[in-house]
There are 2 protein chains.
Amino acid sequence: MPPRPPNNATARGEFDLISELFRPLTRGNAAARDLLDDAAVMQIPPGRELVTTVDALVAEVHFLASDGPADIAWKALAVNLSDLAAMGADPRAYLLATAWPRGTGDAWMEGFAAGLGEAQDSFGVTLIGGDTVATAGPLTLAITAYGTVPTGTALSRAGALPGDDIYVSGSIGDAALGLRLATGGLDGVIEEHAAYLLSRLRRPQPRLRLGRRLRGIANSAIDVSDGLVADAGHIARASGVAMHIAAPSVPTSDAAAHVLSSSPDRLSELLTGGDDYELLFSAPSAAEGAVMMAARESGVAVTKIGTVTAAPPVGVVIMDVDDAPMTFDAPGYRHLEGVE
Amino acid sequence: MPPRPPNNATARGEFDLISELFRPLTRGNAAARDLLDDAAVMQIPPGRELVTTVDALVAEVHFLASDGPADIAWKALAVNLSDLAAMGADPRAYLLATAWPRGTGDAWMEGFAAGLGEAQDSFGVTLIGGDTVATAGPLTLAITAYGTVPTGTALSRAGALPGDDIYVSGSIGDAALGLRLATGGLDGVIEEHAAYLLSRLRRPQPRLRLGRRLRGIANSAIDVSDGLVADAGHIARASGVAMHIAAPSVPTSDAAAHVLSSSPDRLSELLTGGDDYELLFSAPSAAEGAVMMAARESGVAVTKIGTVTAAPPVGVVIMDVDDAPMTFDAPGYRHLEGVE
């Protein structure tokens, strides 16, 4: 049937791939049913709800096709679990759907499976199923993640309240600079900083421990994937509030601070670049101690960067070092007055 | 950042798309959280397990890019829910991840959303989340489906026992002929038959009602997606048995029977073509009455087509009208002696 190769028209047969590379990633999890069945079967403990999400990643859009296969696999799983972190969920398992370009080599696939194995062991999840197809286009991945929360405790973008403090974990802008480095758009960075920025781009760390500790503490949360400004906007619109953020308070790594010291104009790039996979959240000011305790227990820094105020207008205001509102000409940014 | 357009670089912005086209598909299901959050949150009733699966579909591999958008949407959801049917699950919800070719028009997307709406209403599920990205390649869809079963009752490919009868629902080979028609490889079919064969290709009907009624009756089950022969092989290998199927017993539609009457050599094409989305299952001979009752209650024909025998050798034998074993030169087919 000319226009329609069989489903298993990959470099190896689908069944070989599954058994050789992916079946070991189930680590014996019974939900995977040895990848032999049409679907996975998962038990949700009493008193808990399922939290589930899918992310699609396309070569040259979400990662560079020249990135190493293990890095691509790591990132695909990490960005997905970052969504569970933003919901405060305990991660459990994932499904992997892959559309492989024809001619993808065995070594590449082995590297991909190895990176997936590293990532899942690091994040505490196992593969429970998936689908493998061929494509004439770029490598395309869709990972569906499964986690649980005690019923009714999932975090949301929609709960920010006027008076809340705004916090962000880790540091912002590293991945944006890492991407500049990887694509030849940033010079003069010392080797140690370059390695750090690239690792932040290629090996993001979903803030799972922090997310689950913020249950019952944070009023709203999101992971920073589209960029700090755009994601603050998502909280603002979902919650019907204004998010006031002080740019000088936004935490930057040593590497990013070094770049900024010579190129201060890159600040807006850092604030809008995305791919940070930090948690941006709000909590009542009375909860500051609990927030800081959660951060300490999670082994990740958390920085207060602003305040939630009442709408209208709904939206985001970023104040610069002179306390003047910044404007952004960047994807995802909507000016305060311009939003829904 | 040159090589990396923003995540929302589709014909419309991602947020507009979600709110205008996809949010109505949640039909107010609370699990979707109005598509505002990073993940969906779903309650699994006590005493039930989650059954979940993902299928990826790529234009020109799993459907023709020239197919109508509503048909593509219908099929994407139907083939996915067919996996739940094969597990005996009651369908609940789905996530949709889409990689849209740049320049996909609004009308196309509206047609796609309309087809999805038709399909989900027909199958009794609602959208609870997803992801939308752009691709330089072909349209690529990944749907993750969620259903439930009473704990411990999910059907499996792995339970076929020697002595079981083998059954299949509906008719086999229609979609293979429909694809031939759609691609100009089949002539002389009367209009009514052509319409039927194309509808079987483009609007498959997952056998959800039958699947759930087979819980506690069938020892093994799979949906026929790769082709009857290949999928029988999946049961054989998962169960460690031999599947003996009589080709003359395999049910065909009037339209397919008409084609076969003039081109009997197309039989192997029908048996291996796939895309049938019928249920292939085995049950103890004592359960024949229960199987037929389940079929009647489900409004779908079920036909006994063979018998499970003990291995070795594990595999599939298809006997022709003269009771001689057929051989196939087709994707997914593995000769009896050649299997694992």
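Everything quoted here is computed from the prediction, not taken from an experiment. A note on names: the letters A, B, ... follow the listed sequences, proteins ahead of strands, and every chain is numbered from 1.
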Contact check, side chains of T104(A) and P101(A), non-hydrogen atoms, under 4.5 Å: yes

Indicate yes or no: at least one non-hydrogen side-chain atom of L95(B) is less than 4.5 angstrom from one of T144(A). yes

Please report the interatomic distance OG(S220(A)) to CZ(F281(A)), rounded to the nearest 0.5 Å. 9.5 Å

Only one of D38(A), D34(A), D37(A) forms a side chain to side chain donor-acceptor pair (under 3.5 Å) with R157(B), so which one is it? D38(A)

Using non-hydrogen atoms only, which part of [X] is less than 4.5 Å away from chain A: side chain, backbone, both, or neither?
| X | result |
| --- | --- |
| A142(B) | side chain |
| T140(B) | side chain |
| I222(B) | both |
| L57(B) | neither |

Which of [options] touches chain A most, by non-hydrogen pairs under 4.5 Å:
| options | result |
| --- | --- |
| L155(B), V41(B), L50(B), L36(B) | L50(B) |
| G129(B), S156(B), A97(B) | S156(B) |
| A154(B), A56(B), A31(B) | A56(B) |
| I128(B), T135(B), L96(B) | T135(B) |

Whether Y146(B) and Y146(A) hold their rings parallel, tilted or perpendicular, with breakpoints at 30° and 60°: tilted

What part of A221(A) gets within 4.5 angstrom of chain B, counting heavy atoms only: side chain, backbone, both, or neither? backbone

Need one label for A40(A): side chain, backbone, both or neither, based on atoms under 4.5 Å from any heavy atom in chain B. both

Show me the pairs that pass ring pair (Phe, Tyr, Trp, His ring centres under 6.0 Å) and involve residues 79-99 of chain A, at least two apart or across chains. none

Donor-acceptor contacts under 3.5 Å from residues 77-89 of chain A side chains, at least two apart:
unit_1, atom_1, unit_2, atom_2, d
N80(A), OD1, A145(A), N, 3.4
N80(A), ND2, I143(A), O, 2.3
S82(A), OG, D223(A), OD2, 2.7

For L201(B) and K75(B): C-alpha separation, side-chain torsions, deciding distance, then whether side-chain contact (heavy atoms from CB on, under 4.5 Å) applies. CA-CA 8 Å; L201(B) 173 68; K75(B) 186 162 184 174; 3.7 Å; yes

Find the one option among I44(A), T148(A), D55(A), T52(A) whose heavy-atom pairs under 4.5 Å with chain B are most numerous. T52(A)

